[in-house]
Amino acid sequence: MPRRYFFIVNPKSGSSADITIIDRLRNYLRRQGHIIQLDLTRSLAHAGRLAAQAIDFGADVIIVAGGDGTVRSVAETMAGSKLPLLILPFGTENLLAQELGIDGTLPNAINILEHGKLRKLDLGLANDRHFMAIAGVGFDAEVIERINQFRAGHITHSDYVWPICRTFWEYKFPHMRVSADGKMICDEPALVFV
């Protein structure tokens with residue numbers, strides 16, 4: 001039976017990714033008789049809106065090609081849905097894809113689509129936003145905010161150097177109160193990773 005595959009592609013991701021995988025995977029799925037739609041994101045918020053449209057249009061699978069931010073935006077929109085999500089890791093770090101053993105190659109993507117096991121994904125919630133692999137609060141979040149302020153395209157590891165140095169010299173660690181499972185684990189100036 002033909003299935004509907006919706007590709008959500010972040011064109012700002014993928015400085016070192018093999019972007020030809022998108023066309024090769026689309027062609028493979030078309031040859032199998034499936035229905036394909038591809039949309040390019042204009043922002044992370046737009047990625048979430050595209051996911052909502054894919055759900056409304058009756059997608060069978062959403063395939064997101066982007067970095068961790070794009071994947072987070074799409075997954076947040078899909079929260080509570082049983083719709084499968086396949087990640088094509090195109091970002092700088094791709095933390096979630098690494099955790100799930102997704103390497104971004106065509107054979108890996110096809111194997112996951114044809115033989116992969118569906119996994120439920122736990123979503124954390126912080127300040128009314130979902131997160132998956134990691135959430136940084138404080139210093140880490142400030143570094144990411146500085147990178148995003150000046151981002152014009154692909155992010156590389158070297159793009160982190162100046163924001164880390166500047167944040168290191170300027171940042172005042174706020175007092176953080178963190179509890180987990182009813183126990184206080186931090187009540188002092190800190191940075192937090194979840």
Side-chain angles (χ1 to χ4, degrees), residues 3-29 34 36-52 54-55 59-126 129-136 140-141 143-144 147-148 151 153-160 193-194:
R3 302 184 82 195
R4 292 176 180 229
Y5 289 87
F6 281 72
F7 285 74
I8 298 172
V9 179
N10 183 343
K12 289 186 177 181
S13 296
S15 62
S16 62
D18 177 8
I19 60 171
T20 65
I21 188 177
I22 296 168
D23 283 332
R24 293 184 297 148
L25 184 56
R26 280 175 40 193
N27 291 336
Y28 172 82
L29 293 170
H34 300 297
I36 309 300
Q37 180 170 333
L38 183 142
D39 288 301
L40 300 178
T41 65
R42 294 188 295 269
S43 66
L44 294 180
H46 185 238
R49 290 193 298 274
L50 291 174
I55 293 167
D60 291 304
V61 177
I62 293 178
I63 299 172
V64 60
D68 289 316
T70 307
V71 172
R72 188 211 59 79
S73 184
V74 169
E76 179 170 47
T77 299
M78 296 174 66
S81 165
K82 294 186 182 206
L83 189 63
L85 172 67
L86 173 65
I87 301 168
L88 296 179
F90 277 26
T92 305
E93 294 297 332
N94 305 300
L95 297 172
L96 181 61
Q98 287 180 39
E99 276 297 310
L100 297 173
I102 301 171
D103 65 12
T105 64
L106 183 62
N108 183 247
I110 290 171
N111 185 50
I112 291 168
L113 287 173
E114 292 182 351
H115 309 291
K117 187 174 18 170
L118 287 177
R119 300 181 192 180
K120 289 184 178 183
L121 182 65
D122 290 329
L123 296 176
L125 188 64
R129 292 184 64 195
H130 288 91
F131 66 92
M132 296 163 298
I134 189 168
D140 180 62
V143 170
I144 298 303
I147 289 171
N148 286 332
R151 179 181 183 175
H154 306 305
I155 295 175
T156 64
H157 289 108
S158 63
D159 291 328
Y160 285 86
F193 283 104
V194 179

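Quick caveat, the model's predicted, so the values are computed rather than measured.
Interatomic distance, Leu25 CG to Thr20 OG1, rounded to the nearest 0.5 Å: 11.0 Å. Distance CZ/Arg119 to CG/Leu100: 5.5 Å, rounded to 0.5 Å. Rounding to the nearest 0.5 Å gives a distance of 9.5 Å between CG of Asn108 and CG of Leu113. Note that CD1 of Ile8 is 8.5 Å distant from OG of Ser73, once rounded to the nearest 0.5 Å. Here the CD1 atom belonging to Ile110 is positioned 10.5 Å from the CG atom belonging to Leu86, to the nearest 0.5 angstrom. In this structure, CG in Leu85 is found 8.5 Å from CG in Leu121, a value given to the nearest 0.5 Å.
With a 4.5 Å cut-off on side-chain heavy atoms, Phe90 and Thr70 do not count as touching. For the pair Leu29 and Phe7, the minimum side-chain heavy-atom distance is below 4.5 Å. Side-chain atoms of Thr41 and Pro11, non-hydrogen and from C-beta on, do get closer than 4.5 Å to each other. Between Val64 and Phe6 there is no side-chain heavy-atom pair separated by less than 4.5 Å.
Of all heavy-atom pairs between Thr77 and Ile55, the closest is O-CD1, 4.3 Å. Taking all atoms of both residues into account, the shortest heavy-atom contact from Ser13 to Gly66 is OG-CA, 3.6 Å. Pairing each heavy atom of Val74 with each of Ala51, the nearest pair is CG1-CB, 3.9 Å. Scanning all heavy atoms of the two residues, the minimum distance from Arg26 to Ile36 falls at CG-CG2, 3.8 Å. Heavy atoms only, all atoms of each residue included: Leu96 and Asp68 are closest at N-OD1, 3.4 Å. Nearest heavy-atom pair across Ile21 and Gly104 is CD1-O, 3.0 Å.
For Asn27 (side chain) and Arg24 (main-chain N/O), no donor-acceptor pair under 3.5 Å exists by modelled atom type.
Counting heavy-atom neighbours within 6.0 Å of Asp23 CG, excluding the residue itself, gives a total above 12. Residue-environment remark: CD (Gln98) exceeds the threshold of 12 foreign heavy atoms within 6.0 Å.
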